[in-house]
Amino acid sequence: MGSLDGIIDELDKHRLPFDFYQGADVVEVSRQLNGKILVSASQGLYTAGVIVETEAYAGESDKASHAYGGRRTGRTEIMYQEGGHAYVYLCYGIHALLNVVVNVPGVPHAVLIRGVIPFIGKQTIETRLNRKLKFPNDCYGPGKVTKQHGISTRFNGEDLVAGQNVWLADAGVYPGVMEVSAGPRVGVDYAGEDAQLPYRFIWNYMAAMEEIKKARLFQPGFR
DNA sequence: GAACGGATTGACT
DNA sequence: GTCAATCCGTTCC
């Protein structure tokens with residue numbers, strides 16, 4: 001009852017389908033990813049949490065994107081593949097950042113996962129951090145997400161639809177209509193006027209916790 | 001073979 | 001709120 005295996009099994013059954021990632025509008029996909037579940041199995045240890053912050057990167061026409069102007073290199077290649085794969089790259093030489101590849105082959109759109117409220121594997125996460133989790137502070141920040149969930153650049157190219165190492169699920173956690181706010185992206189001053197685009201989506205922590213409490217997966221005695 | 005620079009973080013006031 | 005450390009991978013010569 002409420003066993004870890006049972007919950008992971010449930011999250012596996014409710015994976016986001018292939019079609020979800022083929023969406024033509026990466027900004028809308030970015031918004032919709034708030035409330036979805038990030039599940040990872042790294043070093044044989046499961047962790048999972050609710051996504052509460054994302055940013056859209058709109059490929060060739062977006063000056064903030066690594067694929068701006070059709071830039072296609074070894075690093076950006078995965079973004080040109082079909083949606084539903086992970087794009088993980090190293091930032092500032094230290095932080096791995098997790099992106100979800102969106103759209104059809106040849107269209108290098110992606111969504112950066114910037115915030116997650118963890119609910120499975122808290123002990124694993126605290127071991128990785130070497131300290132206790134601090135809410136809500138530890139939930140926001142793209143480098144924090146990958147550290148907590150054991151996601152390194154080795155996860156680059158992972159299949160989110162059929163792979164066993166990392167995936168996304170719909171666990172019935174949905175933001176209220178007005179609860180996800182849009183704003184400019186972080187750390188993209190180099191992108192000129194594109195830095196002002198409202199491609200960043202944040203789900204307020206208190207509001208997210210309210211919705212999480214309501215979801216079936218989180219009811220006492222579930223399973 | 002080497003320069004470049006960053007989709008950040010955490011410490012500090 | 002401000003600010004500097006950070007260091008590898010990517011890119012191009």
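Numbered from 1 within each chain, the chains take letters A, B, ... in sequence-line order.
- Across the P atoms, B/dA7 and C/dC12 are found 15 Å apart, a figure rounded to whole Å.
- Rounded to whole angstrom, the span from the NZ atom of A/Lys134 across to the C1' atom of B/dT9 amounts to 13 Å.
- The side chain of A/Arg114 sits closest to B/dT8 out of C/dT10, C/dT6, B/dT8.
- Among B/dG10, C/dT11, B/dT8, the nucleotide with an atom closest to any side-chain atom of A/Val186 is B/dT8.
- Between the side chains of A/Trp203 and A/Glu53, no donor-acceptor pair of N or O atoms lies under 3.5 Å.
- Among the protein residues, A/Arg185 comes within range of no part of the nucleic acid, since none of its heavy atoms lies under 4.0 Å from any strand.
- What separates CD of A/Glu53 from P of B/dT8 is a distance of 10 Å, to the nearest Å.
- For A/Tyr199 and B/dA7, the shortest distance from a side-chain N or O to OP1 or OP2 is not below 4.0 Å.
- Between A/His95 and B/dA7 there is no side-chain polar atom (N or O) within less than 4.0 angstrom of OP1 or OP2.
- In this structure, A/Leu97 reaches the sugar-phosphate backbone alone: every heavy-atom distance under 4.0 Å involves primed, P, OP1 or OP2 atoms, never a base.
- The partner of B/dA7, taking Watson-Crick or G-U wobble pairs whose two distances both stay under 3.5 Å, does not exist in any strand shown.
- The distance between atom CZ of A/Arg75 and atom P of B/dG6, rounded to the nearest whole Å, is 10 Å.
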- Item | Full working for side-chain hydrogen bond (donor to acceptor under 3.5 Å, both in side chains) between A/Ser40 and A/Thr47 | CA-CA 5 Å; A/Ser40 106; A/Thr47 59; 3.2 Å; yes
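- Remark: C1' of B/dT9 and CZ of A/Arg131 are 11 Å apart, rounded to the nearest angstrom.
- Contact annotation: A/Arg71 side-chain N/O to C/dC12 OP1/OP2 distance is under 4.0 Å.
- Side-chain proximity of A/Tyr92 to B/dT8, B/dA7, C/dT11: nearest is B/dT8.
- You'll find the side chain of A/Phe155 reaches within 4.5 Å of the side chain of A/Ser42, heavy atoms only.
- Summarising the geometry, the separation between NE2 on A/His66 and P on C/dT11 is reported as 9 Å, rounded to the nearest angstrom.
- Figure legend: cation-pi geometry between A/Arg75 and A/Tyr87 absent, as NZ or CZ is not positioned both under 6.0 Å from the six-membered ring centre and within 45° of its axis.
- Across all strands shown, C/dT6 forms no Watson-Crick or G-U wobble pair with both distances under 3.5 Å.
- The distance from atom CG of A/Asn137 to atom C1' of B/dA11 is 12 Å, rounded to the nearest whole Å.
- Tested against A/Ile51 for a side chain to side chain contact (heavy atoms under 4.5 Å, CB included), the candidates A/Ile37, A/Val111, A/Leu168, A/Val145 yield a single pass: A/Leu168.
- A stacking contact links A/Tyr57 to B/dA7: the aromatic ring centre lies within less than 5.5 Å of the base's six-membered ring centre, and the planes differ by less than 30°.
- Note on A/Thr73: a side-chain N or O is less than 4.0 Å away from OP1 or OP2 of C/dT11.
- Using a 4.0 Å heavy-atom criterion, one finds that A/Arg200 contacts no nucleic acid atom at all.
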